[in-house]
Each structure stands twice: as C-alpha cells, then as structure tokens.
Enquirer: 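Below is one structure. I have some questions about it.
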Amino acid sequence: QVQLVESGGGLVHAGGSLRLSCAASGSIFSIYAMGWYRQAPGKQRELVASITSGGSTNYAGSMKGRFTISRDNAKNTVYLQMNSLKPEDTAVYYCTADVTGSRYWGQGTQVTVSS
C-alpha cells in the first residue's frame with residue numbers, strides 16, 4: 001500500500017502563494033498517477049490537478065494558470081505551487097496516489113486565504 005503525508009498549508013492573504021508537498025512511501029513503484037483534490041465547507045470534493053507517471057498534467061479550469069503540479073521522483077514527492085490565491089481557494093487539500101484498482105488519500109492540509 002501507499003502512505004501519503006501532506007504539508008505546506010496555512011493562512012495567507014489574497015494574492016499570496018503557498019507550495020503544498022505530498023511525500024509518498026510504501027509501494028511507490030506501483031503508482032501511475034498522483035494528484036490534488038480540495039474540499040471547501042458545504043461543497044463537494046473537486047479535482048485540482050493531476051500528474052501521471054509519464055509527466056502528463058491536468059488542471060481544473062479555475063486553477064489553470066495559477067496552480068502548477070510537479071514531481072520530484074528522487075524524493076518521492078509531488079508538489080502543488082499555488083499563486084495568486086483567492087478566498088475561494090480556501091479548502092482542505094488532499095493528495096492522492098493511484099495504483100491499479102485503488103486510490104490512496106492523504107489526511108489533508110488546510111489552506112485558508114483571507115481577503
């Protein structure tokens with residue numbers, strides 16, 4: 001199985017930046033894709049961005065151009081660089097790792113953007 005630990009969340013003012021990190025451990029060679037989801041109070045969980053083992057990326061429309069997903073294979077870590085943050089970006093952000101037949105989730109990290 002895969003274990004995921006997120007870090008880097010916090011409180012920032014609108015227009016600021018944060019970089020989230022997700023460190024993977026366990027059966028890391030079985031992972032074919034990783035990503036970030038978020039869930040705001042009263043809303044459904046939504047995809048933020050994903051990256052495949054081949055480096056292909058995908059972004060939700062509202063995040064395209066502001067957020068960047070990347071990976072560091074040497075550190076078994078995926079990152080989410082968030083720029084030009086808006087209050088509506090406030091949510092718990094979750095890291096995911098996909099293997100055949102399963103999706104693993106981290107515990108989440110809180111991002112709060114004040115106006």
Enquirer: What distance do Tyr32 atom OH and Thr52 atom OG1 have between them, rounded to the nearest 0.5 Å?
Expert: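 Separation between the atoms: 10.5 Å.
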Enquirer: Quick one: does Asn76's side chain get under 4.5 Å of Arg71's, heavy atoms only?
Expert: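 A side-chain contact is absent here, since even the closest heavy-atom pair is not under 4.5 Å.
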Enquirer: Give the minimum heavy-atom separation between Ala14 and Pro87, together with the two atoms involved.
Expert: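 Result for this residue pair: CB-CD, 4.1 Å.
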Enquirer: Nearest 0.5 Å, what's the CG-CE distance between Leu4 and Met34?
Expert: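 Leu4 atom CG to Met34 atom CE measures 5.0 Å (nearest 0.5 Å).
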Enquirer: If Ile, Leu, Val, Met, Phe, Trp and Tyr residues are connected whenever their side-chain heavy atoms lie under 4.5 Å apart, and connections chain through other members, are Val92 and Leu47 in the same group?
Expert: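 Both belong to a single hydrophobic cluster.
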Enquirer: Is there a side-chain contact between Leu80 and Val48, using heavy atoms and a 4.5 Å cut-off?
Expert: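 Yes, side chains in contact.
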Enquirer: So, taking the atom named OG in Ser30 and the one named CD in Gln1, what distance separates them when rounded to the nearest 0.5 Å?
Expert: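 Those atoms lie 10.5 Å apart.
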Enquirer: So, the side chain of Thr90 versus the backbone of Val113: is there a donor-acceptor pair under 3.5 Å, distance only?
Expert: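 Yes, Thr90 side chain to Val113 backbone: donor-acceptor pair under 3.5 Å.
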Enquirer: Pick one: which of Asp89, Val12, Leu20, Thr68 meets side-chain contact (heavy atoms from CB on, under 4.5 Å) with Met82?
Expert: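 Answer after filtering Asp89, Val12, Leu20, Thr68: Leu20.
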Enquirer: Any chance you could lay out the side-chain hydrogen bond (donor to acceptor under 3.5 Å, both in side chains) test for Arg103 and Tyr37, step after step, and finish with the verdict?
Expert: CA-CA 12 Å; Arg103 171 167 288 170; Tyr37 283 73; 2.9 Å; yes
Enquirer: Checking the side chain of Thr109 only, and the main-chain atoms of Gly9 only, is there a donor and an acceptor separated by less than 3.5 Å?
Expert: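 Here the side-chain-to-backbone pair exists.
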Enquirer: With heavy-atom distances below 4.5 Å as the criterion, would you say the side chains of Ile31 and Tyr104 are in contact?
Expert: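 Not in contact.
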Enquirer: Here's a test for you: under side-chain contact (heavy atoms from CB on, under 4.5 Å), which of Ser70, Cys95, Cys22 qualifies with Tyr79?
Expert: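 Going through the options one by one, the only one that passes is Ser70.
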Enquirer: Go through Leu85 and Asn83 one step at a time and tell me if the side chain to side chain contact (heavy atoms under 4.5 Å, CB included) criterion holds.
Expert: CA-CA 5 Å; Leu85 284 163; Asn83 298 325; over 6 Å; no
Enquirer: Would you verify whether the NZ or CZ of Arg38 falls within 45 degrees of the ring axis of Tyr94 while also being under 6.0 Å from that six-membered ring's centre?
Expert: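 So Arg38 doesn't make the cation-pi contact.
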Enquirer: For Arg45 and Trp105: C-alpha separation, side-chain torsions, deciding distance, then whether side chain to side chain contact (heavy atoms under 4.5 Å, CB included) applies.
Expert: CA-CA 12 Å; Arg45 189 170 297 183; Trp105 294 81; 3.2 Å; yes
Enquirer: Output the distance between atom CG (Leu18) and atom OH (Tyr93), rounded to the nearest 0.5 Å.
Expert: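 So the gap between those two atoms works out to 9.0 Å.
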Enquirer: Looking at CD1 of Ile69 and CG of Asn58, how far apart are the two atoms once the value is rounded to the nearest 0.5 Å?
Expert: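 Interatomic distance, Ile69 CD1 to Asn58 CG, rounded to 0.5 Å: 9.5 Å.
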Enquirer: Which heavy atom of Arg66 sits nearest to which heavy atom of Ser84, and what is that distance?
Expert: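 Here Arg66 and Ser84 meet closest at NH1-O, 3.1 Å.
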Enquirer: Would you say Thr96 and Trp36 make side-chain contact, with heavy atoms under 4.5 Å?
Expert: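 No. Closest side-chain heavy atoms not under 4.5 Å.
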Enquirer: If I take atom NZ from residue Lys86 and atom OG from residue Ser115, how far apart are they, to the nearest 0.5 angstrom?
Expert: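 That separation rounds to 14.0 Å.
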Enquirer: Kindly indicate whether the side chain of Ser21, heavy atoms from C-beta on, has any atom under 4.5 Å from the side chain of Glu6.
Expert: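 Heavy-atom side-chain distance check fails, nothing below 4.5 Å.
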